[in-house]
Amino acid sequence: MHAVPRPYGQTAVVANFACERPPRGCARQWFRKDGGILAWLPLPGRRVSIVWSAPAALATELMSLDHAALASRVAAAGAHALGDFGVVTPPSAFPLQFLRLPALVAHRLALAGDAAHGVHPLAGQGVNLGFGDAEALAAVLAERGPVADPGASVLLERYARRRAEPVLAMQAVTDGLARLFGARGAWVSVLRNLGLAAADRLPFVKQALAQPALR
Ligand SMILES: Cc1cc2nc3c(=O)[nH]c(=O)nc-3n(C[C@H](O)[C@H](O)[C@H](O)COP(=O)(O)OP(=O)(O)OC[C@H]3O[C@@H](n4cnc5c(N)ncnc54)[C@H](O)[C@@H]3O)c2cc1C
């Protein structure tokens, strides 16, 4: 089994910050004009964890800033919605890649988690996909009936079939959004805004998008 990951041309810069005002359990995300995506994820008290999926050049620039400059850059990028920031944990950088494998299973082998699929972190779904894999594999093994060998291909194929649709669906959504918001150009921007405005006015669409992340 062989597959080459497709780079998104973005590097996720992650760090924890202390902020002037508590995030009160509220996550914020900005799709920026420079093609980057900035997420502030709430931590207890007056702290947030951030993921700035930045075009490679911007990520290099962010990583080269001293802590004070980085904190003020991140606070300003979110319009100081939580006041001023101070760095709590130094930043780390992770190049982002999309990975789809031709198969989840092989001879006496079942892949799960990031070994089985790579998604853009914009929807915060990587861990959930991995948990779904583990749950499905455990269920297939628990329900195997007369098949004594847990590595039997009939069981592994059953696992692969069970995970095919959820993984494909999540990859389609996250990859589609990453491409849509990574694209430049006036018409793309109009299309994006129309799509988001429509989704905002349709509660069932909003719920369908938010539900997997809340789970
Ligand atoms: C910037 C960023 C932000 C993210 N944010 C979110 C989020 O908000 N919500 C969410 O659900 N997901 C998020 N994700 C995705 C999430 O981090 C991953 O989906 C998850 O960590 C995958 O877990 P895993 O156990 O499959 O793989 P990993 O976390 O990669 O764990 C694999 C482990 O195996 C070890 N290992 C590798 N090779 C070997 C070897 N040969 N021998 C022994 N050990 C080995 C590695 O060192 C590692 O510790 C984010 C990812 C990134 C990059």
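Note that ligands are numbered from 1 as they come in the structure, with each ligand's atoms numbered from 1 the same way. As the structure is a prediction and not an experimental result, all values here were calculated from the model. What's counted below: heavy atoms across the whole structure, side chains too, no hydrogens, waters or symmetry copies.
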### Message
Under a 3.5 Å distance rule, please check whether Q10 uses its side chain to pair with a backbone N or O of G35 as donor and acceptor.
### Response
yes
#### Entry: Main-chain N/O of G118 paired to Q97 side chain as donor or acceptor, under 3.5 Å
no
### Task
Identify, by atom number and element, the atoms of ligand 1 in contact range of N128, meaning under 4.0 Å from any of its heavy atoms.
11 (O)
### Summary
In short, L99 meets A3 closest at the heavy-atom pair CD1-CB, 4.1 Å
### Task
Counting heavy atoms only, name the option from F131, W52, F94 that's nearest to atom 53 (C) of ligand 1.
F94
### Query
Can you find a heavy atom in the side chain of R163 that is under 4.5 Å from one in the side chain of L137?
no
### Task
Identify, by atom number and element, the atoms of ligand 1 in contact range of A12, meaning under 4.0 Å from any of its heavy atoms.
1 (C)
### Query
Which option, A134, G124, A39, P95, owns the non-hydrogen atom nearest atom 9 (N) of ligand 1?
G124
### Query
Protein heavy atom under 4.0 angstrom of atom 32 (C) of ligand 1, is there one?
no
### Message
Minimum distance, heavy atoms only, to atom 52 (C) of ligand 1: which one of P121, A93, S92 is it?
### Response
P121
### Query
Please state which protein non-hydrogen atom is closest to atom 24 (P) of ligand 1 and give its distance, to 0.1 Å?
D114 N, 4.2 Å
### Proximal ligand 1 atoms for V14, defined as those under 4.0 Å from one of its heavy atoms
1 (C)
### 4.0 Å protein heavy-atom contact status of atom 49 (O) of ligand 1, strictly under
no
### Query
What do we get for L129 next to ligand 1 when only non-hydrogen atoms under 4.0 Å count, side chain, backbone, both or neither?
neither
#### Entry: Protein contact for atom 1 (C) of ligand 1 (heavy atom, distance under 4.0 Å)
yes
### Query
Any sub-3.5 Å donor-acceptor pair from R73's side-chain atoms to L70's backbone N or O?
no
### Query
Under 3.5 Å, N or O to N or O, is V127 touching ligand 1 that way?
yes
### Task
Establish whether atom 12 (N) of ligand 1 and some protein heavy atom are separated by less than 4.0 angstrom.
yes
#### Entry: Side-chain (R46) to main-chain (C19) donor-acceptor, under 3.5 angstrom
no
### For atom 15 (C) of ligand 1, the protein heavy atom that lies nearest, with its residue and separation
G126 CA, 3.9 Å
### Task
Indicate whether atom 7 (C) of ligand 1 is within a distance of less than 4.0 angstrom of some protein heavy atom.
yes
### Query
So do P91 and H67 actually touch side chain to side chain, heavy atoms under 4.5 Å?
yes
### Task
Return yes when at least one protein heavy atom is under 4.0 Å from atom 18 (C) of ligand 1, and no when none is.
yes
### Message
Between Y159 (side chain only) and L111 (backbone N and O only), is there a donor and an acceptor less than 3.5 Å apart?
### Response
yes
### Message
Testing the basics here: between W40 and G78, what is the closest heavy-atom pair and its distance to 0.1 Å?
### Response
CZ2-CA, 3.5 Å
### Message
Out of all atoms in ligand 1, which are within 4.0 Å of some heavy atom of G113? Include the element for each.
### Response
26 (O)
### Task
Mark up the atoms of ligand 1 that fall under 4.0 Å of a heavy atom belonging to Q125, in ascending order.
10 (C), 11 (O)
### Query
Is the shortest side-chain N to carboxylate O distance from D175 to R6 below 4.0 Å?
yes
#### Entry: Any donor-acceptor N/O pair, T11 side chain to A93 backbone, under 3.5 Å
no
### Task
Scan residues 105-138 for pairs that pass ring-ring contact (aromatic ring centres under 6.0 Å, His included), counting only residues two or more places apart or in two chains.
Y8-H120
#### Entry: Is_contact(atom 26 (O) of ligand 1), protein non-hydrogen, under 4.0 Å
yes
### Query
Are any of the protein's heavy atoms under 4.0 angstrom from atom 35 (C) of ligand 1, yes or no?
no
